[in-house]
Structure formats: C-alpha cells, structure tokens
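To start, the structure itself, in structure tokens.
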Amino acid sequence: MASIDAANASDRPSAAIHPLWVRVTHWINAIAMLVMIGSGWEIYNASPLFGFAFPKSITLGGWLAGALLWHFAAMWVLAINGLVYVLLGIVTGRFRRKLWPIRPRDVLADTKAALTFRLRHDDLTVYNSVQRLLYAGVLIAGVVIVLSGLALWKPIQLQELAAMFGGYEAARYVHFFAMAAIVGFLVVHVILAIVVPKSLRAIVTGR
Amino acid sequence: MARIRKPIPGVDPKLLIKDAARLLPDPTRRLFLRGGASLGALTFLTGCDIVDGASAEKVLRRISEFNDGAQAMLFNPNKLAPTYPESAITRPFPFNAYYPEDDAPEVDAADFKLEVGGLIDNKEPWTLERLYALPRESQITRHICVEGWSAVGSWQGVRLSEFLTRLGADTRAKYVWFQCAEGYSTTIDMPTALHPQTQLTFRFDNEILPRKYGFPMKCRMPTKLGFKNPKHVIGVHVTNKDLGGYWEDKGYNWFSGL
Ligand code: HEM
C-alpha cells in the first residue's frame, strides 16, 4: 500500500496533495453518488413525499423497476467504497489532520473571505474552515443516507435501525433530506472546483 | 410445468405464457435504461458510454440475483414484523393494483375451489367452507409497497405453514408458487412461506376479504413488499422450480424481502 505511505508523507512539499487512495475513492464515490441520486429521484417519483416530482429527463432507470435495479446495484459500490474511504481516513489520520479542528469563528471569517474573493488557495494541502465544515458535513450526510437506506431496504430484519430513525415512514424523510444535503453540497462543491481549477487537477493527478 | 400450468377455470393459459415469455413490457423496455442528466454526467465522468442498453441490463439483472442471495441470508425466520394497535390501522386502506379498482377480478364464492399441487400429498382442491374452518390468526402489520408508501392493515386467516402441514407438503422444497384468478402470479422462498406471520388470508379488518383486497383469499406476508402478497389466490403449488411472477418477470427484484 504505497498510497498509505504517500498519505503519511503528505506534509512534505514534494508529496501528492491527495494520495492515490483519496483520488480513487473520491471518483468512485462521485460516480456511485450520481447513480444513486438519479435512480433515487425516479424511485421518489413513484410515491412523492412532497408536492413535486423530479423531471423524467434528469432521472435514471426509465421506470420504477429499472431505477430500483440501478439503486440496489450502485448501493454496494457506494457502501463498500465509502467504508474503505472512512477506514483509511481514520487509520491514516487524514480526517484528524485535514478536517480538524473546525472552529465557528474561523468558518465565519473564511466564509466572509470567500464571498469577497479574498480566500487564499496557495496551499492546497491545507483545507480552510469552510472546506472542513463542508467535507465533515457531507461525510455525516453520507453515513446518514446509507444507514437510513438500510432501514428502508430491511425495515423488519433491521427493525432496530429503522426504529432509530422513528420507523419506516420517518426513515423515508431522513433519507430524502440526506439526499438534499448531498445534492446541495455537490452544487457548491462543483462550483468551487471550477472556480479553483488547480484543485480539480489535484484531485485527478494528485498534484 | 405442464402439470402445474394445467388450465384453471377463469384463467386464459395463453395470457400466462405470453406474460412469462416477456422480460419487460415493450413500452417500458425502451425506457428501461434511459436516464437524462445523471447518465450524461456519468458518461462525462467516465469518459465512456458504459450504458449500452443490453449489456448494462444483463449486469443489473445479475446483481439483482446476487441481491436475492444477500436477502435470503439476511432473512431471519424468527424475526417478527412489528405489530400495531387497532388505532394505527390506515383507514381507508389504499387499493393498489395494475388494474383499476372496477376491474378487480370477481370470483364466485360458490364455485371457488383452491387448487393445490406440486410436492404435496393431498391434492384435493379446497372449498371456501373448508378453508374458513381452518384455525385462524389475526395480525395488524405494516404493508410496504415497492413504490415507497406504506399502510397498516388488519388481516385474519390461517398460517401458511399450518396449511402446508395439512397438505402434507415437502417443506424441504425451495419455493411456493401462487396463482391468481386474473393471471397474476408470484413465487416465494420456503423460509418466508414458513414464517409465523405468513398467512393465507380470508378476512380484512375482521370482515370477509373485500373484492378490492383480494376476495376470496390472499397471501399476506409482512416480511415482503406488497407485490409479493398475491390477491385473488386460486392456486398454491410447492415446487423446486422458480416459476417467477408477474412483476418479477418484468424486472422487479425477486426476493423483495423487508
Ligand atoms: C456527490 C459526489 C461527491 C462527493 C460526496 C464529494 C466529496 C468530496 C470530499 C469529502 C472531498 C475531500 C476528500 C478528502 O480530502 O479526503 C472532496 C474533494 C474534492 N472533490 Fe469531491 N465529491 C463529489 C463529487 C465531485 C465532483 C463531481 C467533482 C468535480 C467537479 C469533485 C471535485 C473535487 C475536488 C476538486 C476536490 C479537492 C478539493 C479540495 O482540494 O478542496 N467532487 N470531494
């Protein structure tokens, strides 16, 4: 696992900004997420929780059965890849190093700086407070969406988990709002990646 | 197959075979893999068009079969579905089918005979009178639809495992196949058939099962999605061959356990 060594060495300027395992799991996750979101919207449309449906043109699967096939296939990719990312994030110390600490005062200051285009991006190896908050937040949303999804898939075999979310019907809302949070993150995340193109290069090539 | 698919009054055998022969209805087949922006983004991200219809469908179906196995492993035969008080019953309980309510099959109670077959000792058909005399249990459980909605209902009938015992069924067989008055069908795994809450149901909310909910009988199993709970049941067969089902053959996951 040379990639883990790279993570440990990431303080050295010559080392990759994002070790290989981060880049690989990041892009596998991005693909799995898009499949889950697109098929999830089609599944939502079969029995909407709110007074709207997602336009057919942006859903995946064509009809309910097709969407379910996609959803229950991509869930394995999302969950296994997510597990690898979270485990490596913990054991390599990356989460602690990169996402911690998150201080409200810093978040406010960095948000203000970002909105006035004065936030510096010289050192891509250090996440600013807004990035830390967003990445930690989407990590939690990812855990919630997987757990609430498991509760919806197996509300009887995993009824203790379903009860944690307040039962089957409540878990549907939790699952939906976790999706909304991730989509909200994604919009901001992609805009920021485009605004700072060298960050995009770093998450692809590592440098 | 021929033994099991012998003509049953009121069922057009040609219709059954036609349904079984098709993997997907034509209009939906075309739509099956069509996605809009999300697929476009996927193609953009991966730099290749991985979703050329047929091969993607094959892979997805393979994974769906893998999911059948995973669900069979997750299924705990002793784990009971939560039950609810009467006050939790959803009223009116939703009607849902692939036909409008007015087209629900009408089964004549006087002529009705439940056909039983396959790996069983006693193949004599059952009249409603004999079925009604079987020991009766009641359950108030949540019915969960593949569409996502759910509703709490109250069902009364005989445990399927008790009924299978009376048939002298070989419970080492893999499946139980249900045939319905209008051509609907579904196959379930034996562990689910033997689950204590899997019930041959004759009453809904302590009234004779109304036509819209499956008169004269349905099979209620709270551990599976609604479409695996057949209504208007006219045949029960114990078999080692997976005979599929109406929605399963169209692409819905076979096990569909909860
Ligand atoms: C829903 C899908 C996505 C999620 C959940 C997600 C999540 C994340 C997370 C948690 C990180 C930090 C990784 C770490 O340091 O360990 C990250 C980094 C990054 N992601 Fe994504 N991502 C997604 C999709 C995308 C897409 C579609 C793009 C490209 C347009 C993208 C571009 C980037 C870039 C450029 C970075 C590095 C940014 C930096 O240095 O701050 N991501 N992403």
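Just so it is clear, the structure is predicted and the values come from calculations on it, not from any experiment. Letters A, B, ... are given to chains in the order of the sequence lines, protein chains preceding strands, and every chain is numbered from 1.
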For [X] and [Y], which heavy atoms make the closest approach, and how far apart are they?
{"X": "Tyr168(A)", "Y": "Cys145(B)", "result": "OH-O, 4.4 Å"}
{"X": "Trp149(B)", "Y": "Arg172(A)", "result": "CA-NH1, 3.6 Å"}
{"X": "Leu60(B)", "Y": "Leu69(A)", "result": "CD2-O, 3.8 Å"}
{"X": "Gly148(B)", "Y": "Glu169(A)", "result": "O-OE2, 4.5 Å"}

Part of [X] within contact of chain A (heavy atom distance under 4.5 Å):
{"X": "Arg142(B)", "result": "side chain"}
{"X": "Asn76(B)", "result": "both"}
{"X": "Ile144(B)", "result": "side chain"}
{"X": "Phe66(B)", "result": "side chain"}
{"X": "Val59(B)", "result": "neither"}

I need the Ile156(A) CD1 to His195(B) NE2 distance, nearest 0.5 Å.
7.0 Å
Rounded to the nearest 0.5 Å, what's the gap from CG on Leu258(B) to CH2 on Trp153(A)? Could you check?
11.0 Å
Is the count of non-hydrogen atoms from other residues, nucleotides or ligands lying under 6.0 Å from [X] atom [atom1] greater than 12?
{"X": "Arg91(B)", "atom1": "CZ", "result": "yes"}
{"X": "Arg62(B)", "atom1": "CZ", "result": "no"}
{"X": "Glu86(B)", "atom1": "CD", "result": "no"}
{"X": "Lys198(A)", "atom1": "NZ", "result": "yes"}
{"X": "Phe52(A)", "atom1": "CZ", "result": "yes"}

Given heavy-atom pairs under 4.5 angstrom as the criterion, report whether the side chain, backbone, both or neither of [X] touches chain B.
{"X": "Leu64(A)", "answer": "both"}
{"X": "Phe72(A)", "answer": "both"}
{"X": "Met33(A)", "answer": "neither"}
{"X": "Trp41(A)", "answer": "neither"}
{"X": "Gln157(A)", "answer": "both"}

Among the listed options Pro55(A), Ala46(A), Pro48(A), the residue most often paired with chain B at heavy-atom distances under 4.5 Å:
Ala46(A)
Classify the ring geometry of Trp63(A) against Trp247(B): parallel below 30°, tilted from 30° to 60°, perpendicular beyond 60°.
tilted
Gln71(B) vs Lys154(A), test: side-chain hydrogen bond (donor to acceptor under 3.5 Å, both in side chains). Steps then yes/no.
CA-CA 9 Å; Gln71(B) 293 176 89; Lys154(A) 291 282 158 264; 3.0 Å; yes
Could you check if a side-chain atom of Met75(A) sits within less than 4.5 angstrom of a side-chain atom of Asn67(B), using non-hydrogen atoms only?
yes
Side chains of Val146(B) and Leu68(A): closer than 4.5 Å at any heavy-atom pair?
yes
Find the one option among Leu74(B), Thr223(B), Ile63(B) whose heavy-atom pairs under 4.5 Å with chain A are most numerous.
Leu74(B)
Between the main-chain N or O of Lys79(B) and the side-chain N or O of Gln159(A), is there a donor-acceptor pair closer than 3.5 Å?
no
